[in-house]
Amino acid sequence: MTPSSCEVAGSGEPLLLLHGALVSRAMWQPQIAPFSREYQMIACDLPAHGETPDVAGEYSIAKLSEYGIHLLDAIGVDRAHVCGHSM
């Protein structure tokens with residue numbers, strides 16, 4: 001199951017895209033199509049951003065990392081490359 005605040009495109013090794021503060025997964029739109037030729041692109045809204053509600057209550061890097069791990073578990077990905085912006 002893919003959370004509604006997550007876009008998955010392409011095939012290959014998974015690449016998790018993490019946006020910066022005060023933006024959403026939409027910032028990755030220009031990169032998704034070209035990179036999805038070689039990677040399974042995973043772009044999600046972090047808590048309290050875009051379509052994801054405020055679920056964490058705390059926004060430390062540790063808590064956001066936990067959110068990313070739970071998200072990968074939810075879509076059935078064991079390991080992924082990670083590309084982040086800002087934070």
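Values reported hereafter were calculated over all heavy atoms of this structure, with side chains retained and with hydrogens, waters and symmetry mates removed. What you see is a predicted model, and the numbers here were worked out from it, not measured in a lab.
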Would Leu17 and Arg25 count as a side-chain contact (heavy atoms from CB on, under 4.5 Å) if you check the C-alpha gap in whole Å, the side-chain angles of each, and the deciding distance to 0.1 Å? CA-CA 8 Å; Leu17 303 171; Arg25 73 180 189 267; over 6 Å; no
Shortest non-hydrogen contact from Asp45 to Tyr67? O-OH, 3.5 Å
Least distance between heavy atoms, Ala26 atom then Pro30 atom: O-CD, 4.4 Å
Minimal non-hydrogen separation, Leu18 against Trp28, with atom names: O-CZ2, 3.4 Å
Pair up each side-chain donor or acceptor in residues 69-87 with any protein partner under 3.5 Å, not counting sequence neighbours, and list the distances.
unit_1, atom_1, unit_2, atom_2, d
His81, NE2, Glu13, OE1, 2.5

Could you go through residues 34-44 and list every donor-acceptor pair under 3.5 Å that involves a side-chain atom there, pairing it with any protein atom two or more places apart or in another chain?
unit_1, atom_1, unit_2, atom_2, d
Ser36, OG, Ile32, O, 3.2
Ser36, OG, Ala33, O, 2.9

